[in-house]
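Here the structure comes first, spelled out in structure tokens, and everything after it is commentary.
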Amino acid sequence: MIDFAKKGFYITSPLYYTNGSPHVGHAYTTIVADVIARWHRLNGDKTFFLTGTDEYGEKILEAAVKNDKGAKIFVDELASIFRNVWDSLNISYDDFIRTTEDRHKKVVWDFVNAANKKGDIYKGEYEGSYCVDCESFKTESELVNGKCPEHNIKPELRKEESYFFRLSKYQKKLLEFYKKNPEFVSPQSKFEEIKNRVNAGLKDLSITRVNLTWGIPFPLDKSHSIYVWFDALTNYVSALGGKKGALFRAFWPADLHLVGKEINWFHSVIWPAMLFSVGIRPPKKIFAHGWWLVDGQKMSKSLGNVVDPLEVSRKYSVDALRYYLLRDAPFGDDGNFSEKKLIERINGELVADLGNLVYRALTLAEKYEGRIYGKPKAPIKEKVKSISKHMDELELTNALEEIWQLIRETNKYINETEPWKLSGKELANVLYNLLERIRIIAILISPFLPETSERIFKQLGIRQQNLKDCKFEKISGRISKGSYLFQKVEVK
Ligand code: MSP
């Protein structure tokens with residue numbers, strides 16, 4: 001039963017730029033967020049999972065022009081592409097926010113006005129190297145051989161009138177906050193990087209642009225538009241209806257902002273400083289995950305080395321893609337996308353371990369006509385506890401590994417007990433243990449492989465269950481062995 005008195009669990013993905021369709025890197029952030037959201041729902045937590053699109057800025061305007069489309073039409077199309085891809089990948093988002101929506105603009109204006117009241121906004125002039133693809137000015141130390149290391153392009157030199165946010169004013173407060181919240185950023189190494197940079201000093205942040213037609217007008221001076229990051233970050237509050245919204249009361253502070261490592265700075269430094277300025281508590285945690293690389297380089301639209309998640313999921317199944325992404329790179333580290341490894345994992349862990357287990361056990365159970373009952377062979381409580389602990393600590397890869405241990409143990413149990421040689425009470429007992437373990441496995445994999453889990457429940461003849469049902473009970477369903485859960489991929 002969901003306890004509504006408890007503060008809800010609020011998890012967000014970043015908002016994706018609408019300058020092209022989502023690739024596997026974007027799908028990764030979203031799938032990870034989805035798995036965590038589903039895990040919390042499974043645990044009975046009132047959960048809110050937000051995703052959406054970041055639609056303003058120069059880069060997006062450029063992409064629209066390149067595609068011969070008006071900016072609004074262009075972002076409308078892309079926002080719906082993002083939604084469709086997420087729907088196809090079984091992403092269970094509760095809300096999808098677009099920065100071009102009115103509900104968002106209103107809250108961004110509230111933020112500007114509140115920060116201004118606090119004396120945190122002033123007019124100045126900015127000069128610097130500007131990377132159009134990052135949508136941000138770069139310091140010299142960030143450039144490699146004079147180029148933006150992420151996009152491999154030479155930044156433009158720009159000087160222009162701009163409004164600034166007094167980020168430097170919050171240096172001390174941020175450092176104090178980090179000290180009091182030693183788990184604020186994960187992994188720890190990423191937190192250390194942040195602390196060192198903040199320690200070295202903070203520059204005020206340019207938050208507006210002149211001559212930018214595709215942006216939220218700056219409420220204090222209509223000849224300026226708001227620079228994308230100040231606008232985009234606010235989404236996490238605007239989606240809750242702003243500071244006074246009912247959702248805000250139920251869900252803020254956010255429990256987890258999930259971000260890629262290149263945008264950690266914006267979330268761990270600029271965002272809390274903005275929140276200090278407007279009088280809102282910072283989020284509880286930022287997790288900065290690694291990148292998916294192709295031949296050692298970050299998969300990105302600008303480098304043109306992207307893998308299409310829909311193509312992969314159509315070829316191998318949505319759950320195969322979800323499993324591969326979550327299992328192949330330890331959560332937090334970079335991963336190298338390889339179709340060969342994806343196929344190895346499908347044939348090994350999905351077909352030979354999970355698929356085979358369910359098929360073998362259900363074939364036996366379907367044939368058996370008596371009542372299935374018995375005693376648990378080995379306790380499962382500790383295992384479930386340890387998997388839950390991994391999930392709470394965001395050790396997703398370890399959690400999956402433990403679930404697979406359970407699957408392998410259960411396969412081994414079949415081999416050792418040789419139920420095809422048994423009958424009567426003995427057979428009933430082995431079948432009981434097998435089916436109960438499979439039911440519990442189906443619960444545990446449901447956040448990771450929602451479709452597969454649903455199919456197992458159907459074959460067991462029962463409804464979907466929750467984490468609290470991960471204990472041995474009575475067999476209650478009518479078994480109907482369906483087809484194999486996964487098909488072996490033949491390698492030519
Ligand atoms: N619009 C900003 C975020 C604003 S949040 C208020 C942005 N968008 S993005 O489309 O460039 O990236 C969104 C997310 O996708 C980031 O978390 C980023 O790390 C992730 N990924 C983009 N390419 C990726 C890989 N190759 N691998 C893993 N994740 C990657 O930044």
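Note that ligands are numbered from 1 as they come in the structure, with each ligand's atoms numbered from 1 the same way. Below, each value reflects all heavy atoms present in this structure, side chains not excepted, and no hydrogens, waters or symmetry copies.
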Q) If you measure from each heavy atom of W229 to ligand 1, is any distance below 4.0 Å? A) yes
Q) Closer than 4.0 angstrom: is that true for some heavy atom of G290 and an atom of ligand 1? A)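 True for this residue.
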Is [X] in polar range of ligand 1, meaning some N or O pair under 3.5 Å apart?
X	result
Y17	yes
V259	no
Y236	no
A232	no

Give the single entry among [options] that approaches [atom] most closely by any heavy atom.
atom	options	answer
atom 16 (C) of ligand 1	V307, I263, L293	I263
atom 12 (O) of ligand 1	M299, H289, H26, K261	H26
atom 18 (C) of ligand 1	H23, E262, K298	E262

Q | Contact partition for N235 relative to ligand 1, non-hydrogen atoms under 4.0 Å | A | side chain
Q.
Do W214 and I60 make a side-chain contact, defined as non-hydrogen atoms from C-beta onward lying under 4.5 Å apart?
A. yes
**Q.** W86 side chain near P22 side chain, heavy-atom distance below 4.5 Å
**A.**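 Touching, per the 4.5 Å side-chain cut-off.
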Quick one: look up the protein heavy atom nearest [atom] and list residue, atom name and how far away it is.
atom	answer
atom 20 (C) of ligand 1	T29 OG1, 3.6 Å
atom 14 (C) of ligand 1	Y16 CE2, 3.5 Å
atom 25 (C) of ligand 1	G25 CA, 3.5 Å

Q) Is it true that atom CD1 of I73 has more than 12 heavy atoms of other residues, nucleotides or ligands lying nearer than 6.0 Å? A)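 12 or below, so no.
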Q. Under 3.5 Å, is there a donor-acceptor pair between the side chain of K285 and the main chain of E183?
A. yes
Q.
Looking only at side-chain N and O atoms, does S168 offer a donor or acceptor that is under 3.5 Å from a partner on K203?
A.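 Their side chains do not contain a donor-acceptor pair, so the 3.5 Å distance test is not met.
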